[in-house]
Amino acid sequence: MTAKVGEGHELKGLALAQGGYVEMHGADLGQWTVPPRGVDARAQDDQGATWWIAGAWAKEHPADAENLLARLADGVRTVRVFEDGDDPAEFRAWLYATHPSELVVLGGPQGFGIGVADAAGAFLFRPVGLDALTIGTPAESTAREWVQEWRTAGCPGWAQVRPVLRREGSGWQVRAERSEPAHS
């Protein structure tokens with residue numbers, strides 16, 4: 001995110017860009033695959049690898065989230081959701097701006113990403129590539145509907161979203177918002 005401090009010392013978000021981050025904290029981490037905080041449920045597979053999930057749904061339904069993770073540990077399908085020429089990074093920008101309360105972040109031995117989850121299953125858009133991980137039809141249907149909405153909107157991306165900052169404790173919460181109207 002690019003931001004500036006105004007004359008009145010207010011912070012104003014200017015632009016968002018694709019990227020990742022590692023949260024700064026005081027914890028001494030012996031691993032980097034599970035975040036040190038913000039994880040709402042976790043489960044281990046038979047090989048000892050940890051699956052984890054964070055998001056409003058998981059926070060509101062922790063038992064369902066743990067059951068889902070146990071099912072994920074038993075196996076997920078890899079599916080192709082994007083077509084040649086689609087830019088998954090641009091899709092993620094649009095997704096952050098249009099469906100933030102529905103998103104979860106999910107991680108495991110096959111990587112991490114954002115997606116949708118409920119008690120019936122999960123769909124995970126991976127950080128790179130045209131494929132995704134899925135288990136359960138309802139979540140996959142929702143995710144594919146999102147991809148179609150994005151295409152209908154003209155495939156907007158990072159240039160069409162802007163950061164919205166909100167003071168939260170001693171830090172800032174950053175969210176994406178559409179900076180121009182959707183195409184009709």
Side-chain angles (χ1 to χ4, degrees), residues 16-23 29 31-153 155-158 161 174-176:
L16 288 170
Q18 177 183 348
Y21 74 96
V22 174
E23 183 179 357
L29 297 180
Q31 55 78 36
W32 289 90
T33 58
V34 181
R37 60 183 176 195
V39 170
D40 297 308
R42 67 181 73 205
Q44 286 192 318
D45 64 19
D46 293 339
Q47 288 75 41
T50 301
W51 286 87
W52 58 270
I53 189 169
W57 172 79
K59 189 175 296 212
E60 293 167 9
H61 306 280
D64 287 340
E66 287 180 14
N67 289 335
L68 172 65
L69 292 174
R71 288 181 28 232
L72 288 170
D74 289 339
V76 296
R77 286 185 306 120
T78 300
V79 296
R80 184 164 173 156
V81 65
F82 295 107
E83 298 171 1
D84 291 336
D86 283 346
D87 187 338
E90 297 294 288
F91 169 76
R92 283 190 299 280
W94 175 85
L95 197 56
Y96 286 131
T98 58
H99 295 280
S101 64
E102 299 165 74
L103 294 177
V104 297
V105 181
L106 199 146
Q110 297 181 28
F112 74 96
I114 62 171
V116 61
D118 58 28
F123 192 94
L124 175 66
F125 295 99
R126 299 173 87 170
V128 294
L130 301 176
D131 65 343
L133 302 177
T134 186
I135 183 170
T137 304
E140 183 171 349
S141 294
T142 297
R144 289 185 182 280
E145 287 171 13
W146 288 348
V147 172
Q148 190 55 49
E149 285 177 35
W150 172 67
R151 288 188 184 122
T152 300
C155 302
W158 292 104
V161 299
V174 179
R175 294 291 182 254

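In terms of heavy-atom proximity, Pro138 sits nearest to Ala120 at CG-CB, 3.9 Å. Between Ala41 and Glu66 the shortest heavy-atom distance is CB-CG, 3.8 Å. Here the closest non-hydrogen pair linking Val116 and Ala139 is CG1-O, 3.4 Å. In terms of heavy-atom proximity, Gly129 sits nearest to Phe82 at O-CD1, 4.3 Å. Minimum interatomic distance between Ser101 and Ala56 (heavy atoms only, all atoms of both residues): O-CB, 4.0 Å. Nearest heavy-atom pair across Asp40 and Ala58 is CB-CB, 3.7 Å.
For the pair Val128/Pro88, no side-chain contact is recorded, criterion being any heavy-atom separation below 4.5 Å from C-beta on.
Remark: side-chain polar atoms of Asp86 are paired, donor with acceptor, to backbone N or O of Glu83 under 3.5 angstrom. Remark: the backbone N or O of Ala89 is paired with a side-chain donor or acceptor of Trp158 at under 3.5 angstrom. Panel note: side chain Asp118, backbone Gly121; a donor-acceptor pair is recorded below 3.5 Å. The closest donor-acceptor contact from the side chain of Asp131 to the backbone of Thr78 lies at 3.5 Å or more, if one exists at all. Looking only at distances, no side-chain donor or acceptor of Arg71 sits under 3.5 Å from a matching main-chain atom of Val76. A donor-acceptor contact shorter than 3.5 Å is absent between the side chain of Trp52 and the backbone of Leu106. Not a single donor-acceptor pair under 3.5 Å links the side chain of Arg92 to the backbone N or O of Phe125.
Remark: Arg175 engages no residue in a salt bridge (Lys or Arg N to Asp or Glu O under 4.0 Å) (not counting sequence neighbours).
A salt bridge between Arg77 and Glu140 is present, with a side-chain N of the basic residue lying under 4.0 Å from a carboxylate O of the acidic one.
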Step-by-step side-chain contact (heavy atoms from CB on, under 4.5 Å) determination, Thr137 to Phe123: CA-CA 9 Å; Thr137 304; Phe123 192 94; over 6 Å; no
Pair Leu95-Ile114, side-chain contact (heavy atoms from CB on, under 4.5 Å): steps then yes or no: CA-CA 9 Å; Leu95 197 56; Ile114 62 171; 3.7 Å; yes
side-chain contact (heavy atoms from CB on, under 4.5 Å) between Phe91 and Cys155, intermediate numbers included: CA-CA 7 Å; Phe91 169 76; Cys155 302; over 6 Å; no
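Here Trp146 contributes atom CH2 and Glu102 contributes atom CD; the two are 5.0 Å apart, rounded to the nearest 0.5 Å. Note: Gln148 CD to Glu145 CD = 10.0 Å, rounded to the nearest 0.5 Å. To the nearest 0.5 angstrom, Glu149 atom CD is 14.5 Å from Arg144 atom CZ.
Atom CZ of Phe112 is surrounded by 12 or fewer heavy atoms from other residues, nucleotides or ligands within 6.0 Å.
Remark: of the listed residues Leu72, Leu124, Leu69, Leu69 is the sole one forming a side chain to side chain contact (heavy atoms under 4.5 Å, CB included) with Ile53.
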